[in-house]
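Written below as structure tokens is the structure these notes are about.
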Amino acid sequence: MNDLLLDDDFDLQIVGNDFVVGDSTEQNQKLLLVANKGEVRPYPAVGVGIAQAINDDNIGSVQQEVIKQFELDRMTINRLKIGKNGAMQIDATYG
């Protein structure tokens, strides 16, 4: 999916006087993971809140929430693995 791209600080990328447009799949995944529920005003149920969720003893519930959020965003999850140390491997695409 192409969209406006953000930098690592979530600011719009601008080159010259133009916004940067490109594949936003990984960016969208990151935004869904870091957003807490209620932070996206028009969609209060959006967000995993990974900073808090990863401390949950039940990694399965975190994984289910990631799957739910990605599927609601119309992504197909090919692979999702969350390690006990919180490391994530994600292969999900739009399409």
Side-chain angles (χ1 to χ4, degrees):
M1 169 183 277
N2 282 342
D3 202 348
L4 297 174
L5 296 181
L6 307 175
D7 64 19
D8 291 335
D9 295 321
F10 300 108
D11 293 323
L12 285 169
Q13 289 186 27
I14 300 174
V15 174
N17 291 325
D18 292 328
F19 297 113
V20 177
V21 175
D23 183 12
S24 63
T25 302
E26 287 184 29
Q27 172 178 287
N28 294 349
Q29 292 170 356
K30 184 177 181 179
L31 290 169
L32 285 170
L33 289 171
V34 300
N36 293 302
K37 293 193 184 322
E39 290 182 337
V40 183
R41 289 184 187 247
Y43 307 101
V46 167
V48 173
I50 198 69
Q52 292 81 22
I54 208 67
N55 293 324
D56 190 343
D57 290 336
N58 185 356
I59 294 296
S61 67
V62 175
Q63 188 166 358
Q64 289 298 341
E65 186 62 24
V66 172
I67 290 168
K68 175 183 164 186
Q69 293 295 321
F70 282 20
E71 287 178 346
L72 287 171
D73 202 45
R74 297 186 179 102
M75 282 187 234
T76 300
I77 298 132
N78 302 310
R79 183 169 187 256
L80 173 62
K81 182 177 180 185
I82 303 174
K84 292 185 182 201
N85 62 353
M88 298 180 79
Q89 296 176 357
I90 299 171
D91 177 12
T93 57
Y94 289 102

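Bear in mind that the values here come from a model prediction, so they are computed numbers and not experimental data.
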Check the pair V21 / D3 against side-chain contact (heavy atoms from CB on, under 4.5 Å), numbers first and verdict last.
CA-CA 5 Å; V21 175; D3 202 348; over 6 Å; no

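- For the pair L80 and Q63, the minimum side-chain heavy-atom distance is below 4.5 Å.
- Note that the CG atom of L72 and the OH atom of Y43 stand 12.0 Å from one another [nearest 0.5 Å].
- For CG of N58, the number of neighbouring non-hydrogen atoms (other residues, nucleotides, ligands) closer than 6.0 Å is greater than 12.
- Minimum interatomic distance between N28 and M1 (heavy atoms only, all atoms of both residues): ND2-SD, 3.8 Å.
- Side-chain atoms of T76 and Y94, non-hydrogen and from C-beta on, never get closer than 4.5 Å to each other.
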Quick one, V20 with L4, criterion side-chain contact (heavy atoms from CB on, under 4.5 Å). Give me CA distance, side-chain angles, the key distance, then yes/no.
CA-CA 6 Å; V20 177; L4 297 174; over 6 Å; no

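- Within the 4.5 Å cutoff, no side-chain heavy atoms of I77 are placed close to those of D91.
- In this structure, the side chains of Q27 and L5 come closer than 4.5 Å at one or more pairs of heavy atoms.
- One hydrophobic cluster holds both L12 and V34 under the rule that ILVMFWY side chains link at heavy-atom gaps under 4.5 Å.
- Not counting sequence neighbours, K68 has no partner by the salt bridge (charged side-chain N to carboxylate O under 4.0 Å, His left out) test.
- Contact of the Q29 side chain with the V66 side chain is not registered, since no non-hydrogen atoms from C-beta on lie closer than 4.5 Å.
- Minimum interatomic distance between T25 and T93 (heavy atoms only, all atoms of both residues): CG2-CA, 4.4 Å.
- Not a single donor-acceptor pair under 3.5 Å links the side chain of D73 to the backbone N or O of M75.
- In terms of heavy atoms, N36 sits closest to G49 at OD1-CA, 3.1 Å.
- Between the NZ atom in K81 and the CE atom in M88 there is a gap of 12.5 Å [rounded to 0.5 Å].
- Among pairs with a residue in residues 24-51, those fulfilling salt bridge (charged side-chain N to carboxylate O under 4.0 Å, His left out) read K37-E65, at least two apart in sequence or across chains.
- What you find for V48 and L33 is that their closest heavy atoms are CB-O, 3.7 Å.
- Across all their heavy atoms, V62 and A53 have their closest contact at CG2-O, 3.1 Å.
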